[in-house]
Amino acid sequence: MRKHIQKVGLLVLLAMSAMVSGFAQDDAQFTFFPWVTSYYNAGGIGEQSNTLCFTADYNNKYLGWGDLSTTAINNDSALHTAPQDFLFSIESYLRKLHGSIGVTLVHDRIGFYSNTGIKLGYAYKLRVGGGHLGIGAQVSLYNQAIDNSHFNPSQEGDPLLSSLSESTLDLDFNFGVLYKTDQWYAGLGWTQIVSMFDTTNILRVSGDRGQHRSSQLYLHGGYTWVLPFNPNWELMPQALIKTDLKTFQWEILALARYNGVYWGGIGYRFQDAISLAFGARPFHNSSNIYLKGLDLGVSYGFTANSLGYKKHRSFGDVEVVVRYCFDVYKPEVFSGYGNSRYIYKNRY
C-alpha cells in the first residue's frame, strides 16, 4: 500500500512539473558560473577591464538519464537525450563609451524543449573606492521550440499538449550591477524582467501560447585569498544564489590556484550535483601577450539527487569551458606635468 501511494505521488509530481514547464523555463546552469557572469548579470559585461574576451562553455547534464515513461512511448530515443547547455560570448571594453559591450549566444535543451537565444548588452564602468562598479542592461531575444512529434497521449485532444505552440519568439530585458576589487567581488543580476509582469504576451514576437522563460534574480560573489605563508597559492571561494521569488537554488565553487597557472577545486549545487573542477592558464607567465589570456577548464559532476540513484539514471555531468582574453589598449604612460585630478578622473 505504501509503495502504491509513493508511485501515485510521483506521478502527480511529474504531471505538475509538466504543467509548470509548459509555461515557464529557467535559465541554463553552468558549473563554471564565474566564467559566464554576463549571462546572468549584465553588470558583469567586460568584467576584465581593457580587454577583448571570447568565452565558450558546454555542459552535458545527466548523462545516461532515461525518462520514466520510455517504455510507454516505444523506447523513443529522444527521451534518452541528456539536457545540454551551450554558451558563447564576446565582450570588449571601449574607452569612448566608458564601458563594455557584449554579445552572448546560448542554446539549452531538456527533453522535448529547446531554447536558443541572443543577448546584446552594455555595462557602464566607473571607479568607486578601491574597485570598479559595472552597471549594465541587456536586451534578449529567445526562440523556444517544442518537438511534439514524439508525444503519444492515451487520449486524443489533450488540452495541455494542444495549447503548446511548436515555436515562440520572446523579447525581454535584463539588468545587473557588479562591484569588483583585486580581492573580492559581489553582484546582483535580474533576468527576464518583463516576463514577471507580462501576462498577456505583449512582448511575444511570434507564437500564441507556450512556455515562458521565468524571471530570475541572482546574487553572487567571491573572494581571492593569497596564503601568507606561501604566496604561490591562492584560494578562491565563490557562491551563486538564484531565485524566481517562489523557490531558490544555491551553489558554491571553491578553487585553489597555484603560481597563477594551475587551478582546481570542488563545487556543489543544492540538490543537484557535486563537481570536481580542474583547469589551467598555460601561458599566464609567458612574455607573449597574445597567449597569456588563454584559460581552460573541465569539470565532472556526480549527480546528487534521485536521478542518479537507480538503474538507467544519470551517472554525472561533464562541462568544458574555454576563455581567451587579450588587451586591446596599450598601457598608458604619463610624463611631464599635469594635475592628477584630471589625469585619473573616471579612468577604468
Side-chain angles (χ1 to χ4, degrees), residues 17-18 20-42 44 55-65 67 78-90 102-121 138-148 150 164-174 189-192 195 204-205 207 210-218 220 240 242-244 247 249 251 267 269 271-273 275 297-299 301 303 305 307 314 316-322:
S17 64
V20 173
S21 65
F23 298 95
Q25 287 290 301
D26 291 335
D27 292 335
Q29 294 184 137
F30 297 97
T31 300
F32 292 116
F33 61 87
W35 277 256
V36 295
T37 304
S38 61
Y39 173 66
Y40 53 85
N41 185 345
T55 305
D57 195 320
Y58 173 74
N59 183 17
N60 199 342
K61 294 175 63 66
Y62 306 137
L63 296 173
W65 173 71
D67 191 274
L79 293 177
H80 288 283
T81 302
Q84 298 177 3
D85 301 323
F86 175 76
L87 176 145
F88 177 75
S89 67
I90 303 175
V103 180
T104 299
L105 302 175
V106 63
H107 176 79
D108 64 90
R109 181 180 65 189
I110 178 170
F112 301 117
Y113 291 100
S114 65
N115 300 278
T116 303
I118 181 171
K119 296 185 177 186
L120 306 175
Q138 290 173 319
V139 57
S140 64
L141 192 64
Y142 267 93
N143 174 258
Q144 307 161 33
I146 180 172
D147 182 5
N148 56 20
H150 300 281
L164 299 178
S165 300
E166 292 188 0
S167 179
T168 58
L169 193 62
D170 286 334
L171 178 70
D172 217 313
F173 301 92
N174 314 309
W190 188 5
T191 63
Q192 285 76 245
S195 294
R204 176 141 289 172
V205 180
Q211 55 178 335
H212 293 273
R213 297 194 67 81
S214 61
S215 182
Q216 303 280 339
L217 284 172
Y218 293 85
H220 62 110
L240 173 69
K242 78 170 184 176
T243 179
D244 59 0
T247 61
Q249 187 178 59
E251 56 186 297
R269 182 181 296 120
Q271 294 184 343
D272 187 43
S275 303
V298 62
S299 74
T303 304
N305 55 43
L307 291 181
S314 166
D317 310 341
V318 175
E319 185 169 337
V320 178
V321 66
V322 178

**Message:** Please determine whether side-chain contact (heavy atoms from CB on, under 4.5 Å) holds for the pair S140 and N174, giving the CA-CA distance in whole Å, both sets of side-chain angles, and the decisive distance to 0.1 Å.
**Reply:** CA-CA 7 Å; S140 64; N174 314 309; 3.9 Å; yes
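- Smallest separation of non-hydrogen atoms from V318 and N59: O-OD1, 3.3 Å.
- Nearest heavy-atom pair, W35 versus T55, reported as atom, atom and distance to 0.1 Å: O-CG2, 3.7 Å.
- The CG atom of L141 sits 9.0 Å away from the CG atom of L120 when rounded to the nearest 0.5 Å.
- Ring-plane geometry between F86 and Y58 is classed as tilted, the angle between the planes lying from 30 to 60 degrees on a 0 to 90 degree scale.
- Atoms CZ and CG, on F32 and L87 in that order, are 13.5 Å from each other to the nearest 0.5 Å.
- The shortest heavy-atom contact between S275 and G301 is OG-CA, 3.6 Å.
- D272 places none of its side-chain heavy atoms less than 4.5 Å from the side chain of E251.
- Judged by distance alone, the side chains of D27 and Q192 do bring a donor and an acceptor atom under 3.5 Å apart.
- The OH atom of Y62 lies 6.5 Å from the CG atom of D317; values are rounded to the nearest 0.5 Å.
- Between S38 and Q138 the shortest heavy-atom distance is O-NE2, 3.0 Å.
- The NZ atom of K242 sits 13.5 Å away from atom NE2 of H220, with the distance rounded to the nearest 0.5 Å.
- Pairing each heavy atom of T303 with each of G316, the nearest pair is OG1-N, 3.6 Å.
- Contacts of D244 classified as salt bridge (charged side-chain N to carboxylate O under 4.0 Å, His left out), with partners at least two apart in sequence or in another chain: none.
- Of all non-hydrogen atoms in T191 and S215, the two that sit nearest each other are O-OG, 3.2 Å.
- A distance of 4.0 Å separates OG1 in T168 from CD in Q144, rounded to the nearest 0.5 Å.
- Atom OH of Y40 is separated from atom CZ of F30 by 10.5 Å, given to the nearest 0.5 angstrom.
- Proximity of T31 to R269: side-chain heavy atoms (C-beta onward) are separated by under 4.5 Å at one or more points.
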